[in-house]
Structures are given as C-alpha cells and as structure tokens.
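All remarks here apply to the structure that follows.
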Amino acid sequence: MEGQAPDRGLYFPEKIPQLDAGFIQQIEKHSNESIAVEVIRPYVGDCIPRNELQRIVEETVNFDIPLVKINDKISSLELFHGPTLAFKDMGARFMSRCLGYFARDNHEERIVLVATSGDTGGAVADGFYKVEGVKVVILYPSGKVSNVQESQLTSLGNNIHALEIDGTFDDCQQMVKGAFMDEGLKRSLKLTSANSINVARWLPQQFYYFFLWKQWADKNNPPVVAVPSGNFGNICAGLLASASGLPIKNFIAACNANDTVPRFFETGTYEPHKTIPTLSNAMDVSDPSNFVRILEIFQHKEAAFKAAFETDTITDEATKSTLLSVFEQDKYLLDPHGAVAHTALNSYLETNPAKKGVILETAHPVKFYDVIEPITHQKVPVPAAVKAQLKKRQAGIKMNADPEALKSFLLEL
Ligand SMILES: *Cc1c(COP(=O)(O)O)cnc(C)c1O
C-alpha cells in the first residue's frame with residue numbers, strides 16, 4: 001500500500017528466497033500461472049490466501065509472452081502482447097489486483113497517483129480500470145507522449161483521471177512527489193504510488209525471465225539477456241530471479257544517452273546529469289530509483305555486481321541504424337527500446353562469439369510509429385484494437401505545472 005518506506009528508502013526482501021532446484025529443472029512441465037505462483041509466493045507469505053493469489057496471478061499473466069527468433073544468434077522475448085502493449089502491463093496488473101484485494105476489506109478509498117512519461121500511465125490506467133475503492137490520477141507531460149499512449153490514458157474514463165500537465169515529465173514527477181509529502185493531503189486522503197519502486201509492481205516482473213527459460217531450448221548454454229533500461233526495475237527483477245536460482249546469469253543493461261549507470265561502471269562515481277530526451281523515451285531517466293536495489297542484491301560488493309551484468313550506452317544514431325538494418329535484413333520490426341537492447345547485445349556477441357542472446361522487446365512498435373516510420377519509410381501496421389482506441393482518444397484535463405492546482409484537484413475528487 002505504501003510505495004516508499006517511511007524512512008524514504010525502498011522496500012527490499014529481508015532474504016532472497018531460493019527456489020526449488022527440481023522446479024527449475026522441470027520448468028517446461030509447468031504452466032505460466034503455476035510458475036508465477038511459485039515465484040511470487042515466498043514474497044507474499046500469508047498476507048494473501050493461496051486461492052486469491054492464484055486468481056490474481058491468472059489475471060496477471062493472461063497474455064502471450066513468446067520467444068521469437070530474429071536470427072541465429074538473437075531472439076526477442078516479446079513482452080508487448082498485454083492490453084497496453086508494453087511490459088509494464090505485467091507489474092501493473094499484479095499490483096492493481098493486490099490493491100483491489102486489500103481495499104475490499106477496509107472500505108477506505110485509495111487514490112493511486114502516478115506521473116508517466118508514457119507507458120506506465122497506460123498500464124496503470126488499464127490495470128486499475130473499474131477496480132472498486134480505487135481512483136487513479138495520472139499526470140503526463142503535454143505534447144511529449146505518443147498518440148497511442150495518450151489515447152490509452154484518456155479514453156477510459158470511469159475511475160481514471162488523466163491530467164495533461166503544461167510542463168516536462170520531471171515537472172509531473174515533482175508535483176507527484178510534492179503531493180506525497182504534503183501534510184494536509186496526508187491527513188485527508190490515502191495516496192498510493194504506482195511506479196516501479198512499489199514492490200507489488202517490481203517483484204512480478206521476475207515472471208517473464210522464468211517464462212524465457214521455459215522456452216529456451218539449449219539449457220546447457222543459457223542466453224545473455226539484454227534489457228533496455230531506464231529506471232532499472234526490469235533488469236533488477238531479472239537479477240533477483242537469477243539470485244533465487246534462475247540459471248540465466250548474464251545480463252546487459254542497455255541504456256540510451258541517459259548513461260548514469262554505465263558511467264558509474266567506468267568511473268566508480270554515481271553522478272546523475274540532467275535528463276536528455278531520446279528516441280527511446282521510456283528510458284529517459286537519469287537517476288534510476290532501482291539502482292540501490294541492485295546494489296543490495298549483491299550486498300554492495302562491487303566485484304560481484306560487475307560480474308553479473310554489463311552496461312552499454314547506445315546513441316540515437318545507432319538505435320536508428322539497428323532498427324533499419326534488422327527490419328531490412330531479418331524482417332523484424334523492433335521498437336526504439338528493443339533497438340537499443342539489440343545494438344548492445346550485438347556488440348557483446350561480437351566479442352563473445354560462443355554465446356547466444358535474447359533481447360527483451362518491451363513495447364509494441366505501433367506505440368512508437370511516429371518515431372519508426374521516418375526510419376523505415378513504411379507504415380507500421382496498426383492492429384484493429386489500437387485503431388479503435390485512437391478513435392476514443394480525448395483530451396486530458398489541462399493543468400499548469402503547479403503543485404497547488406494538483407492539491408485542489410485531489411481534494412475535490
Ligand atoms: C519503462 C520502459 C523501459 C524501462 O524499464 P525500467 O524498468 O524503467 O528500466 C523500457 N522500455 C519500455 C518500452 C518501457 O516502457
């Protein structure tokens with residue numbers, strides 16, 4: 001219920017559970033639902049009964065997560081077949097159903113407040129749509145999200161309120177942080193955050209690394225997994241899965257120009273710069289919240305940590321050129337985030353020719369058709385569901401980047 005711990009740190013498991021070796025060996029025999037229950041149960045303990053957890057998980061993993069071959073060396077784990085076409089559906093669906101379960105008994109209305117640069121908002125809106133006892137308020141920067149993303153935020157209505165902020169993503173985030181710290185609001189409202197610092201969004205992101213292992217044919221030669229990284233929640237979930245017994249042990253954090261972590265690997269100094277806008281906008285994060293969790297997994301031992309994953313910084317130019325060449329040579333359409341991962345993986349495989357790798361394709365290319373079409377000079381096919389969604393697009397409620405305006409909005413909700 002509380003995204004952040006009272007001391008302003010992040011919640012982290014007291015100990016990392018070790019999964020049964022037999023279960024891992026027999027993974028192909030298990031359904032995705034039963035894998036997910038097995039993975040999450042040690043973290044849930046007794047606070048949700050088994051049958052309720054089963055239902056929550058079934059509603060979370062009810063879409064395909066196929067492993068698709070791009071070429072002999074590289075496959076793509078497509079995480080974009082959920083309702084809002086991005087991997088954030090997994091965490092958001094799990095979190096919303098947990099909150100729905102807890103809200104059911106205590107009759108207290110909750111407001112989920114979230115700032116989004118695009119994908120988080122859509123996944124949270126969809127996950128919480130019509131959940132009893134919960135209202136959702138999403139702040140997004142005017143003119144800086146794609147058409148598909150904006151329609152996902154604004155077309156639902158009901159308990160979902162989208163605020164179009166005249167400012168940047170950082171302004172939205174500042175307003176949200178301000179609301180969480182406001183004593184007056186704290187007294188009169190129950191506010192909950194829904195970004196990846198919330199454990200209920202972060203922990204279920206482990207699931208698809210296990211689904212990947214289930215589909216990986218050559219069990220004697222585990223893949224290197226390249227994760228397009230922004231706030232580092234996704235890769236951190238992979239590292240946690242690995243620490244609890246998943247046989248995948250090599251990861252690459254692929255970053256765009258927002259390269260705080262790659263620079264940290266090189267220089268040993270953690271020094272965020274101002275956020276730089278790029279083509280892979282969901283990764284435009286300069287001070288990744290989940291980085292401390294990665295340090296924690298490796299007990300702050302720099303050597304252990306550097307052995308477990310590599311980092312790479314990919315320019316927009318390289319991203320475009322990968323997107324085009326993979327489309328032309330392999331007939332596979334990447335989205336800009338997947339293209340960052342592909343570029344990093346490809347360069348890793350050049351120096352490690354015995355290995356094979358997987359990229360996490362974190363969003364459907366149609367979400368970024370406005371970026372892709374000028375690169376490929378071809379139309380990105382728009383699925384029927386997305387066409388219908390675009391028609392329902394409405395304007396958000398316009399608001400200045402003013403914390404007081406948000407405060408009065410919340411009090412009147
Ligand atoms: C959020 C997002 C990312 C970055 O994931 P993190 O967990 O923040 O590192 C990458 N790609 C897409 C499409 C996203 O929406």
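Along the sequence shown, the residues carry numbers beginning at 1. Side chains included, hydrogens not; waters and symmetry mates left out as well; all remaining heavy atoms used. Start at 1 and go down the list; that is how both ligands and their atoms are numbered. None of the values given here were measured: they were computed from a predicted structure.
A heavy-atom distance below 4.5 Å is found between the side chains of Val37 and Gln54.
Atoms of ligand 1 found under 4.0 Å from any heavy atom of Ser229 (numbered from 1 in listed order, with element): 9 (O). Listed by number with element, the atoms of ligand 1 under 4.0 Å from a non-hydrogen atom of Gly233 are 6 (P), 7 (O), 9 (O). Interface atoms of ligand 1 facing Asp119, defined by a heavy-atom separation under 4.0 Å, are 12 (C), 13 (C), 14 (C), 15 (O). Every atom of ligand 1 is numbered from 1 in the order shown, and the set under 4.0 Å from a heavy atom of Ala363 is 13 (C). Here is the list of ligand 1 atoms found below 4.0 Å of a heavy atom in Lys88: 1 (C), 2 (C), 3 (C), 14 (C), 15 (O).
The only option from Thr278, Val371, Val340 that meets the side chain to side chain contact (heavy atoms under 4.5 Å, CB included) definition with Asp316 turns out to be Thr278.
Asn231 and Ser289 are linked by a side-chain donor-acceptor pair at a separation below 3.5 angstrom, with hydrogens and angles left out of the test. For Asp89 and Thr84, the side-chain atoms include at least one donor-acceptor pair closer than 3.5 Å. There is a side-chain donor-acceptor pair under 3.5 Å between Tyr270 and Asp287. For the residue pair Glu373/His377, the side-chain donor-acceptor check at 3.5 Å is not satisfied. In this model, a donor atom of one side chain and an acceptor atom of the other lie less than 3.5 Å apart for Asn256 and Ser280. Side-chain contact, Asn147 with Tyr369: a donor N or O sits under 3.5 Å from an acceptor N or O.
Not a single N or O atom of Ala282, backbone or side chain, sits closer than 3.5 Å to an N or O atom of ligand 1. The N/O atoms of Gly230, backbone and side chain alike, include one that comes under 3.5 Å of an N/O atom in ligand 1. The shortest N/O to N/O separation between His337 and ligand 1 does not fall below 3.5 Å. In terms of polar-atom proximity, defined here as any N/O pair under 3.5 Å, Phe232 does make such a contact with ligand 1. Inclusion of Thr362 in the set of residues having an N or O under 3.5 Å from an N or O of ligand 1 is warranted.
With hydrogens and angles ignored, the 3.5 Å screen pairs a side-chain donor or acceptor of Lys214 with a backbone N or O of His30.
Considering only residues two or more places apart in sequence or on other chains, His342 meets the ring-ring contact (aromatic ring centres under 6.0 Å, His included) condition with none of them.
Proximity of Gln205 to ligand 1, defined as any heavy-atom pair under 4.0 Å, is not found for any part of the residue. Using a 4.0 Å cut-off between heavy atoms, Lys367 makes no contact with ligand 1 at all. With a heavy-atom cut-off of 4.0 Å, Asn231 touches ligand 1 through backbone and side chain alike.
For the ligand labelled ligand 1, residue Phe87 lies inside the 4.0 Å heavy-atom shell. Heavy-atom distances between Ala86 and ligand 1 stay at or above 4.0 Å for every pair.
Looking from atom 7 (O) of ligand 1 to the surrounding protein, the closest heavy atom is Asn234 N, 2.9 Å.
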